[in-house]
K.L.:
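The structure under discussion is supplied below as structure tokens; questions concerning it will follow.
Sequential numbering from 1 along the given sequence is applied to the chain's residues. No experiment lies behind these values; they were computed from the predicted model shown.
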Amino acid sequence: MKEQLFELAKPVWLQGKAEEIHIRAQFRAVFRCEEEEVKKAVCRVATSGIYNLFVNGRFVAYGPARAGKNHFRMDAVSIEPFIKKGVNVIALEVAGYYVNSYYLQCQPSFVQAEVLCGERVVCHTGGTDFIARINPYAVRKVMRYSFQRPMMEAYRYGGEEDGFMCAPDYSGEVFPQEIVEDKKIIERLAPYPEYESVQAQPVSYGEARPGYQPEEIWKERASKSMGPKLRGFPLEACEWNVVEEVQRFQYIASPGMLAGETLPNHHYQIYELPYNATGMVDFEAECASEMDLYCMFDEVLSQGDVALPRMGCVNVVKYHLAPGKYHLKFFEVYTMKYMKFIASGSDCTVKNVRMIEYKHHPVQLSLPVLNGNEKLQKIAAAAVESYRQNAVDLFTDCPSRERAGWLCDSFFTGRVEKLLTGQSLIERSFLENFLHEESYAFLPEGMLPMCYPSDHDDGNFIPNWALWLVVELEEYLARSGDRMLVDAFKDKVYRLFRYFKSFENCDGLLENLEQWVFLEWSRANDLTQDVNYPSNMLYSGALRAAGRLYDDGVLLERAKQVKEKILEQSWNGAFFTDNAVRQNGALVFPNESTEVCQYYAFFFDIATPKSHPKLFHTLLEEFGPERKQTKHYPEVAFANAFIGNYLRLDILSRYGYHKEVLQDIEGYFYYMAEKTGTLWEHDGDYASCDHGFASHVLYWLNKMC
């Protein structure tokens, strides 16, 4: 049964500001609630940006669930635990970023909200109930957080806050609002998250000497790419260059010492969470003199420190504080295990450091196969944690530098959702978003975005990932029975194959695919032209999946023909080779093989243990997590975590090699679980260390129970 959408609320924004970059707007209303209505109190809210909801000064919720272009999902948040009989204050802070990103689409800013007590709408936007202003403490002109996400956070506080967000009485300045054009409001499908709180503990301390001159100032790539294809403020327009500021300190550790709550001027203290977590940092600060307080954060330590750079994963929030006491909370959600507070200009008390987590509600899973194996138990717990942080409103690759809904990743995470929840609500929401646009700006006709909802103004896409969507649809139908959604995709699927048809050579194989032909982070990615056989193995699998989905014998025959040509050209008698190149009109075969190419072959049934028994047993017995030590077959380039190691494990699981799967799971993942309590994108900690697809470990473990 669908939720009731808005009754009285209208979409509004600050007058004349809907298409301005990085407007942090605050809206508040005062309302009365009768005693019998308290337990039925709900706030409905939708926005093109990100909102934080507060009731009587207490944080309630972060959202919304994202949707495709020109569609906006409405949250209906219970506020019963936060209100009381009589007068209450509801406040919304909304970030209208209005920049392109992989996280949110660039759309005019608005918010639409109403509060119900029982059956009554007691306040709503678009009338006189809500007053509004621009957040006077948030610094507007700041750098982007990353290439994939919008703006960083920075604040200037001149003393105690003025009560706009919580006090029943407010007489300060307000900003005029305007009702904007009606929006396509749709229901939220994903379950609402839970906001658990986890405490951080100080673990190290040292000096932060100012005036340091590093050999080179590191800059995030987004700061060097501002322009029509990547919106934001250029460095010279930013009020603060916070990333450079934290590099102007020389950090000198004081082993064995901690500052306690009082952090001296020009010193830092690092706090640690019990595991790599996603959410909003929340803490108290007090200073007697004007100062800057920085909070850097990252998922791992680099040589014992939180330090730039680490592939865009480490970042910083700055506070400029006048003398006073403050309760401070990040507006956005980030991922970290470590946070580093730096005091500059004055001593500062920092206490009650914690994270308000933003993740999927708790899940229950019994896995008898673990049977007291502490390493597997730790891996399973890390997989659950990785799932919960990457499956809130849709499936994300990582909840840190991107928060993007990537295809291919979703194929694996979709299996886990069904296992952990018995449903496919988040997967449906994720897939449904792709249907909200008939075609996608800056992409060729028929192509699908590599991640969505997102903007691709630079025209980049991964053709392989669009094929993974077709493969996912077949499995989605099997686990959900949702024929209606699959049928709604039919036109997109056929348009996609028409796009690929133009790249078929005389053998029926894809040749010279455009843009970012991506297989995985390994040597295989250097061998993607001209005819790439792993891509064609995926193409065969996608044609076969679509043929079965839509009962299309032509597609099934094409899939068979692609398979036959791959076997004819790629198989050299020992391994499948990765590519062929066109020279003087003819295909030339470099005869180079990668590990992941072999896994693509078995995963998409180009080969089977029966058809290629020697290769299969070579992969089974001499490849895997120990091969970098044994150095077997050095001429075959190693696979990486995603997706090579995942394809390997899935193949072994498919053919019943359960003992080997358990051994490989320990070998591939235990060191990750031990270090961060989450599972990673790569087989090293040089990038984000918390990825949704990595929770797929649970799927294999469950198959053995």
K.L.:
With a 3.5 Å distance limit and no angle check, can you tell me whether Lys337 reaches the backbone of Lys675 through a side-chain donor-acceptor pair?
P.N.:
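Yes, because the side chain of Lys337 sits within donor-acceptor range (under 3.5 Å) of the backbone of Lys675.
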K.L.:
Report the residues that fulfil ring pair (Phe, Tyr, Trp, His ring centres under 6.0 Å) with Phe489, sequence neighbours left out, ordered by chain and then residue number.
P.N.:
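Ring pair (Phe, Tyr, Trp, His ring centres under 6.0 Å) list for Phe489, sorted by chain: empty.
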K.L.:
Side-chain donor-acceptor pair under 3.5 Å between Thr335 and Thr278, yes or no?
P.N.:
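Thr335 vs Thr278: donor-acceptor pair found between side chains.
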K.L.:
State, to 0.1 Å, how close Tyr62 and Asn52 come at their nearest heavy-atom pair, and which atoms those are.
P.N.:
CD1-ND2, 3.4 Å
K.L.:
Could you tell me whether Arg479 and Glu475 make a salt bridge, using a distance below 4.0 angstrom between a side-chain N and a carboxylate O?
P.N.:
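Salt bridge between Arg479 and Glu475, a charged N being under 4.0 Å from a carboxylate O: yes.
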K.L.:
Not counting sequence neighbours, which residues clear salt bridge (Lys or Arg N to Asp or Glu O under 4.0 Å) with Arg548? List them please.
P.N.:
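Arg548 satisfies salt bridge (Lys or Arg N to Asp or Glu O under 4.0 Å) with Glu474 once adjacent residues are dropped.
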K.L.:
Return the orientation label for the Trp521 and Trp516 ring planes: parallel under 30°, perpendicular over 60°, tilted otherwise.
P.N.:
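Judged by the thresholds at 30° and 60°, the geometry between Trp521 and Trp516 is tilted.
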K.L.:
Taking atom types as modelled, is there a side-chain donor on Asn315 or Tyr334 under 3.5 Å from an acceptor on the other?
P.N.:
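Judged by distance alone, the side chains do not pair up.
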K.L.:
Taking 4.0 angstrom as the limit, do Glu332 and Arg149 come out as a salt bridge?
P.N.:
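Looking at Glu332 and Arg149, the cut-off is met.
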K.L.:
Quick one: ring pair (Phe, Tyr, Trp, His ring centres under 6.0 Å) partners of Phe283, sequence neighbours excluded?
P.N.:
Tyr319, Phe341
K.L.:
If you take the centroid of each ring, where Trp contributes its six-membered ring, are Tyr102 and Trp406 closer together than 6.0 Å?
P.N.:
yes
K.L.:
Over 60° means perpendicular and under 30° means parallel, so classify the ring planes of Tyr452 and Tyr440, tilted if in between.
P.N.:
perpendicular
